[in-house]
Amino acid sequence: MSFMRIIFLAFHILAHLSEISLAVDSISQSLSLSDDGKTLVSKGGTFELGFFTPGNSQKRYLGIWYKKIPIQTVVWVANRVNPINDSSGILRLNISGNLVLTQNDTVVWSTTTTSLRKPVSPVAMLLDSGNLVVRDEKEAKTEAYLWQSFDYPTDTFLPDMKFGWDLRTGLNRNITAWKSPDDPSPGDFSFGMVLNNYPDAYMMKGNKKFYRSGPWNGLHSSGSPQVRDNPIYDYKFVFNKDELYYTYTLKNSSMISRLVLNGTNYVRRRYVWIELTQRWEVYTSVPLDLCDTYALCGAYANCVISDSPVCQCLEGFKPTSPQAWYSMDWSQGCVRNKPLSCKDKRKDGFIKLSGLKAPDTTHTWLDQTIGLEECRTKCLDNCSCMAYANSDVSGQGSGCAMWFGNLIDMRQFASGGQDLYLRMDASELEHVSHGHKKEGVLVAVTVSLAVAAVSGILILGWCYRQKSRSNVKEKLDFNIKEEQNSRMQVDDMDLPVFDLSTIAKATSNFTIKNKIGEGGFGPVYRGTLADGLEIAVKRLSTSSGQGLTEFKNEVKLIAKLQHRNLVKLLGCCLEEEEKMLVYEYMPNSSLDSFIFDQHRSGLLDWSKRFHIICGIAKGLLYLHQDSRLRIIHRDLKASNVLLDSELNPKISDFGMARIFGTDQKEGNTRRIVGTYGYMAPEYATDGLFSVKSDVFSFGVLLLEIISGKRSRGYYSQNHNHNLIGHAWKLWKEGRPLELSDTSLEDSCFLSQILHCFHVSLLCVQQHPEDRPGMSCVILMLASEFELPEPKQPGFFGKDSGEADSSTSKQQLSSTNEITITLLEAR
């Protein structure tokens, strides 16, 4: 090769390398981005822009994702409503400074610059913030973008983005969930700021309000008192004549965080990437619980998640429809005991309600320049004003917000809520001032005997007191008294109480044909009340040594819990020698009656099983994290998961559950209770229990749902392995799908079954610290991200699986449904 030829090639290579260098994070008019593996990478290597195919789709999209995270996590999609069918897509920047995406010369997506003049030298650049911007290189002010992707978010809200409005241009920056993991087009859920006089943010499901964050009150959104100073991010809210938006910034630039709107029931989640475990962890999510359901309790009612029922009429109000209200249909809300006449404003006044999420702000008036006293005067002078409050509760409080029309979508917070002043007739004010309740506390409603005849129940109040016992802090001990004859009386019980005659009549006097089950507690009967409501009655067996303890424990726990995946306690009966709990009736019995039955297992295809798995996980998450109490169930198993008419799972049987303090991580006991095959190794051998003990039980249950086999059988030729051991053996041999139920062999969801199998092995790992929490479990179930390799499980072989069987050998049976008590723990 001649010297000149070498020089020519060298210059050609250098020119090409120079072009590549220029194109690393940007494109200009002379360069384009085609779908041939080329991408733009931000200067610091944080984000990447290119073409991708989501999930199992065959379509191509232009998007932005994290460059350094091995799990492709897309944060923005350009052509989400107009996918490309093949790899013919090309992204160009035209002379006007607009990005244009074409397929075979047909425009599928383009931008519109905001500049009124033609740019001299436009360039499109991907920034390390994840923002794709178009700017004029000749423009001295580099932040004067002609266009930016941050103004047009899809389902993800990144640090430094603005969530809200540019009031000068009418630009509304909201986010919309993907339709599915395979389809980034807009789904049912959207979340955005609404320009009420007192601005508010709403999450919509279709055209219906699903969740409301509450107006900004100077410290946080009114409905999010849990948002406070934290080690992850700083946040601020801007509201002036030009802009209305919320934004957040990371405190540590090396941290990675995103807020995503998912198309699920837990729809808005803030994720943090954990480098050590190489996975996303949920930092916060909403809705938090049942009380975050928009307008759940109707008008003039308050949602109190720690109460049962959760909906309570405000002071001076009563249910609009008592029959519907006590049937748990709260949608009609409450009405005043005495209507406002407004003929003489001097007869009106206000009561102070504390600790609230501010009502829906659709019909409000706002003046940020006046204080609370002037706000009160203005509200009193307007007959249509129903309530007022400070719009800024920081410091001594300032600003004035007034509400007109019905007050809806309120909830009570234990801490961090705000004050609201509610308009009342003078006679009601006098009643409140001489009443037995303090300001802001809900009045307990006593139902008359006439209403009780309609609803079949009598509502009383109960009180509880805190008591420290053993090493477990903040245990609750309710005022249930035992006398020497084993009778119990329940003082001030906030739980419907049924007469023995009512229960006897409902169950045909406890005839054998009405008996539907038997447990350590005693027999369970099916019944029908006079109003047609079907019930399940758990009757404490007089011969049960542990039943009385279980009864008290179940009453004090389940009466305080409200979740769609927990069985609902309707009331109790304490009369003569009888002690009974009355539950909602589950027509499809328990999960074990399906998955372990050769004929009925075929009725549960994989989609139904996966629905059940997710429901159980959500119920456990509520117990562990989202309820007012932190509860360890300690006996989660297939027979304790009930199924309603639509096969929705409900966790039941809280007789062995334990309450933890909010700062408590684990407990220890010498009285080990539970069911072999589901018990975590640290609990069975040493009496140590924690939320991770329940995670282990969930993992076992997940294996049972996948396989249709009981955990306490042996599944290898030499009989050395139980279900966990058999699952582990198949996993190590690369044959995991052999575990799945034969009825699922033709399933089109084999990848999801395999994913759940993987999750189950992570849950049953030997050491508690290796097991994921339930929030992480739900995240893993809802995604198809790559999961970490599981470590050796606990109790995977015959020797380890029966390590303590001799302690209560006489109490075990081949059915695996006997709940055991070990009096001594090693």
Side-chain angles (χ1 to χ4, degrees), residues 46-47 64-66 68-69 71-76 129-131 150 153-164 173-178 181 187 189-193 201-204 210-214 216 219-237 245-289 292 357 413 416 617-618 621-622 624-626 772-783 785:
T46 306
F47 287 95
I64 299 172
W65 57 85
Y66 291 96
K68 297 178 180 179
I69 293 179
I71 303 168
Q72 188 182 60
T73 305
V74 177
V75 299
W76 182 79
S129 61
N131 193 8
F150 271 17
T154 51
D155 70 326
T156 302
F157 182 39
L158 293 172
D160 301 316
M161 288 180 71
K162 294 180 179 180
F163 173 75
R173 310 176 192 92
N174 57 13
I175 55 178
T176 308
W178 284 26
F189 286 101
S190 61
F191 186 49
M193 198 78 70
Y202 296 85
M203 191 176 295
M204 308 293 291
F210 180 80
Y211 162 81
R212 182 179 64 92
S213 67
W216 186 264
L219 298 175
H220 47 69
S221 295
S222 176
S224 304
Q226 74 277 8
V227 175
R228 58 193 70 180
D229 288 339
N230 62 84
I232 306 296
Y233 61 92
D234 291 314
Y235 54 90
K236 70 175 181 178
F237 182 77
Y245 68 87
Y246 166 88
T247 189
Y248 76 101
T249 57
L250 295 177
K251 292 185 176 182
N252 187 334
S253 59
S254 64
M255 186 166 289
I256 300 175
S257 175
R258 63 194 174 101
L259 190 150
V260 181
L261 191 65
N262 299 310
T264 63
N265 286 335
Y266 289 88
V267 291
R268 196 193 74 190
R269 286 174 165 171
R270 189 185 303 275
Y271 295 100
V272 177
W273 176 255
I274 308 300
E275 188 67 28
L276 182 63
T277 58
Q278 288 288 288
R279 65 188 181 197
W280 291 100
E281 294 282 2
V282 177
Y283 187 73
T284 58
S285 65
V286 294
L288 287 173
D289 49 40
D292 267 349
K357 172 184 179 180
F413 291 113
K618 291 171 184 176
L621 177 64
Y622 173 78
H624 291 176
Q625 177 178 309
D626 293 339
M774 288 311 301
S775 61
C776 188
V777 169
I778 290 175
L779 172 61
M780 290 189 294
L781 290 172
S783 71
F785 296 154

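Atom set for the values below is all heavy atoms of this structure, side chains included, hydrogens, waters and symmetry mates excluded.
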>> Checking I69 against W273 for the side chain to side chain contact (heavy atoms under 4.5 Å, CB included) test, could you report, in this order, the C-alpha distance in whole Å, the side-chain angles of both residues, the deciding distance, and whether it holds?
In response: CA-CA 9 Å; I69 293 179; W273 176 255; 3.6 Å; yes
>> side chain to side chain contact (heavy atoms under 4.5 Å, CB included), that's the test. Do S285 and R268 meet it? Break it down for me.
In response: CA-CA 5 Å; S285 65; R268 196 193 74 190; over 6 Å; no
>> Could you walk me through whether Y233 and V227 satisfy the side chain to side chain contact (heavy atoms under 4.5 Å, CB included) test, starting with their C-alpha distance in whole Å, then the side-chain angles of each, then the deciding distance to 0.1 Å, before giving a yes or no?
In response: CA-CA 10 Å; Y233 61 92; V227 175; 4.2 Å; yes
> Taking it one step at a time, do L250 and S257 satisfy side chain to side chain contact (heavy atoms under 4.5 Å, CB included)?
Replying inline: CA-CA 8 Å; L250 295 177; S257 175; 3.7 Å; yes
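Only one option out of V75, T154, T156 pairs with V260 in a side chain to side chain contact (heavy atoms under 4.5 Å, CB included); it is T156.
The two residues F413 and G223 come nearest to each other via the heavy atoms CZ-O, 3.6 Å. Closest approach of V777 to P772, counting heavy atoms only: CG2-CG, 3.7 Å. Listed here is the closest heavy atom pair of V282 and S775: CG2-O, 4.5 Å. Annotation for L261 and A177: closest pair O-CB, 3.3 Å, computed over non-hydrogen atoms. Smallest separation of non-hydrogen atoms from F47 and L158: CZ-CD1, 4.2 Å.
A cation-pi geometry, defined here as NZ or CZ lying under 6.0 Å from the six-membered ring centre and within 45° of its normal, does not hold between R269 and W280. Both the sub-6.0 Å distance and the 45° axial angle are not jointly satisfied by R270 relative to the ring of Y283. Figure legend: K357 and Y211 shown as a cation-pi pair, the cationic atom lying under 6.0 angstrom from the six-membered ring centre and within 45 degrees of its axis.
How far CG of N174 is from CE of M193: 10.5 Å, rounded to the nearest 0.5 Å. With rounding to the nearest 0.5 Å, the separation of CE in M161 from CZ in R173 is 8.5 Å. With rounding to the nearest 0.5 angstrom, the OH atom of Y235 is 9.0 Å from the OG atom of S221. Interatomic distance, K236 NZ to T249 OG1, rounded to the nearest 0.5 Å: 8.0 Å. Taken to the nearest 0.5 Å, the CG atom of N131 stands 4.5 Å off from the CZ atom of F150. Atom OH of residue Y271 and atom CD1 of residue I256 lie 15.5 Å apart, to the nearest 0.5 angstrom.
Between F157 and F163, the ring planes are tilted. Angles from 30° to 60° get that label.
S190 is not listed as a side-chain neighbour of M203, based on a closest heavy-atom distance of 4.5 Å or more. Side-chain contact between K618 and I778: present, with at least one pair of heavy atoms (C-beta onward) separated by less than 4.5 Å. Using a 4.5 Å cut-off on side-chain heavy atoms (C-beta onward), C776 and R279 make contact. Contact of the S222 side chain with the W216 side chain is not registered, since no non-hydrogen atoms from C-beta on lie closer than 4.5 Å. In this structure, the side chains of F191 and Y202 stay at 4.5 Å or more apart for every pair of heavy atoms. Taking the side chain as every heavy atom from C-beta outward, T247 and F237 never approach each other to under 4.5 Å.
Scanning for side-chain hydrogen bond (donor to acceptor under 3.5 Å, both in side chains) contacts around Y66 gives an empty result, with sequence neighbours left out.
Distance alone, capped at 3.5 Å, is enough to place a donor-acceptor pair between the T73 side chain and the I71 backbone.
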